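Basis for what follows: all heavy atoms, side chains included, without hydrogens, waters or symmetry-related copies. All of these numbers come straight from a predicted model, not from anything done at the bench.
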Amino acid sequence: MKRPKHQDFVRNLSSTPESPGAEKSRLKNSSGIEVEGVYGGDPRPGSFPYTRGPYPTMYRGKRWTMRQYSGFGSAKETNQRFHYLLRNGQTGVSCAFDLPTQMGYDSDDPMAEGEVGRVGVAISHIDDMKILLQKLPLEEISSSMTINSTATTLLSLYLATAESKAVPTQRLRGTIQNDILKEYIARGTYIYPPDFSLALTADSFRFAAKHCPKWNPISISGYHIREAGSTAAQEVAFTLLNAFTYVKTALEAGLKAEDFVSRLSFFFNVHNDFFEEVAKFRIARKIYAEEMQRRFDLDPKLLALRFHAQVAGSTLTAQQPLNNIVRVAYQALAAVLGGTQSLHTNAYDEALGLPTETSALIALRTQQILAEETGVDRVADPLGGSDYLESLCEGMEQKVFEIFKSVEDRGGMLRCIESGFVQSEIQKAAFLAQKAIDSGNQKIVGVNAYLSEAEMEPELHQLDERVVKDQLKRLKSFKSKRKSKSLERAFKALEKEALSLHKGEPATVTEKILACVKERATLGEISNIFRSVAGRHQAL
């Protein structure tokens, strides 16, 4: 990346062009100094390749969404937490699901035993979803669901619930994670083989473009790649290579780029090396835009990378947990200076358990203090032009392209995932990082530096086992009240479309999933149809 000359970057403020109407929004700091919306020369925020941000005025036009990740126990408990956070200023909801839901098992499945409601909310059917979304203004807020293998089913449950509330699907805003490739790389909640999973993802792109055009049908995630131990450069490289794989799959399935590319979203980690993280976000936008244009010859207007950020769970420490409040604040600041569109800040006690109401509120207040008191939302890309930051961007770009070449020399991303190459590269990076901590070369306050004899023991969230019993009781009642003939017809129609998808033929699978959930099919039953058609993926 070519760095602007200092005299070009620090220009006469009066000559800095802004968007129409900007005169009305001119700001001054506490000393009375006028603050422009953007400083520096081309490329400007909102222009290709979007290095400096996807929108011309960035947070002056719209502040980032404060989207705290919540989900535990029952749908009722999680709904209460959503309302609590919204009352306290959260501007979007984000839902965590338990492992059985993520892996396509109903709560009463033997495979779900011991995991129901443990690390997220248990959702097995439409009545669960209705309770989860009870009294939420779906037409006003955006909703994010961290779900992958069963993403199309959860989206269908959400849409069916919205329909029951008379909310048009065309007005719904939100995101399903739906990034199955990173599950094979880093997280492990895959069900089906990669080819079928990719086809299912492409089908959700097609469906969303037609039926819920404001919905993001995927959040391509570097977060979990980083949590698995990757470097920042690996996080960017592998995430973007996954994105290119999804786009190629969708185009080959007959989708038009203009129908889905602008709705692709991303999800990145925010780690401790402050300036490296800011550089990471800037260079991810640049490489994505330029490579998408080069690889697929797409309209530059479609190529502004938008992302949600979450501070790093792997940097939270169980020792001296209050220190995590400080880590979270600095990581959140890096995300904002890097131009995030949406942000989750972790609670300080999450290295020990699910957040309590108190710790979740502190995490939200961290974002609100950043937004309301620091002034960082006044200027787009405020660190752009710094010799140090621009140098980091250049170095990051070089590292990313080295990884691109290494993957492409081995046959591309899908083949490198199937062979274990990507996983191996991340494991090597994780080993070196842990070795630096163990040796003391990398200091972690409270872990290998500045230890305390007296450790605080915070109050932790506890799962009430009555929640599990109630979930199983309601699921049994739900299944007993269904109309078997209409449900069986819906299952047969879904199986037929799934077989077509598996053969690489045109299919409308998501419409059939939606029809099934309206006939009161469960998530596990739908997943079992796909298992019977495509089989289960076995890792090497």
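By the ring-ring contact (aromatic ring centres under 6.0 Å, His included) test, F260 pairs with F205, sequence neighbours left out. Annotation: side chain to side chain contact (heavy atoms under 4.5 Å, CB included) contacts of D195 (sequence neighbours excluded): L414. Evaluation of the side chain to side chain donor-acceptor pair (under 3.5 Å) rule for S164 yields no partner, not counting sequence neighbours. Every residue was checked against the side chain to side chain donor-acceptor pair (under 3.5 Å) condition with N242, not counting sequence neighbours, and none meets it. Remark: H537 pairs with Y184, Y190 by the ring-ring contact (aromatic ring centres under 6.0 Å, His included) rule, at least two apart or across chains. The side chain to side chain donor-acceptor pair (under 3.5 Å) search around E350 returns none, not counting sequence neighbours. Not counting sequence neighbours, the partners of H211 by the ring-ring contact (aromatic ring centres under 6.0 Å, His included) test are F207. Scored by the side chain to side chain donor-acceptor pair (under 3.5 Å) test, R378 finds no partners at all (sequence neighbours excluded). Residues passing the ring-ring contact (aromatic ring centres under 6.0 Å, His included) test with F267 are Y223, H224, H308, sequence neighbours excluded. By the side chain to side chain contact (heavy atoms under 4.5 Å, CB included) test, T315 is found to be paired with H271, N272, A312, Q331, residues two or more places apart in sequence or in another chain being considered.
Judged by a 6.0 Å distance limit and a 45° cone about the ring axis, R285 is not positioned over the six-membered ring of Y50. R282 forms no cation-pi arrangement with F275, by the criterion of a distance under 6.0 Å to the ring centre and an angle within 45° of the ring axis.
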Can you give the donor-acceptor pairs under 3.5 Å from side chains of residues 359-369 to other protein atoms, not counting sequence neighbours?
from: S359; atom 1: OG; to: D349; atom 2: OD1; distance (Å): 2.9
from: S359; atom 1: OG; to: D349; atom 2: OD2; distance (Å): 3.0
from: S359; atom 1: OG; to: T356; atom 2: N; distance (Å): 2.9
from: S359; atom 1: OG; to: T356; atom 2: O; distance (Å): 3.2
from: S359; atom 1: OG; to: T356; atom 2: OG1; distance (Å): 3.2
from: R365; atom 1: NH1; to: N88; atom 2: O; distance (Å): 3.0
from: R365; atom 1: NH1; to: Q368; atom 2: OE1; distance (Å): 2.6
from: R365; atom 1: NH2; to: N88; atom 2: OD1; distance (Å): 3.0
from: T366; atom 1: OG1; to: I362; atom 2: O; distance (Å): 2.9
from: Q367; atom 1: OE1; to: W64; atom 2: NE1; distance (Å): 2.9
from: Q367; atom 1: NE2; to: Q68; atom 2: OE1; distance (Å): 2.7
from: Q367; atom 1: NE2; to: L343; atom 2: O; distance (Å): 2.8
from: Q367; atom 1: NE2; to: T345; atom 2: OG1; distance (Å): 3.4
from: Q368; atom 1: NE2; to: N88; atom 2: O; distance (Å): 2.7

Distance-only donor-acceptor hits, side chain of residues 134-145, under 3.5 Å, sequence neighbours excluded:
from: S142; atom 1: OG; to: R67; atom 2: NH1; distance (Å): 3.0
from: S142; atom 1: OG; to: R67; atom 2: NH2; distance (Å): 2.7
from: S143; atom 1: OG; to: Y158; atom 2: OH; distance (Å): 2.7

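For the residue pair N269 / E227, a side-chain donor-acceptor distance below 3.5 Å is found, with atom types taken as modelled.
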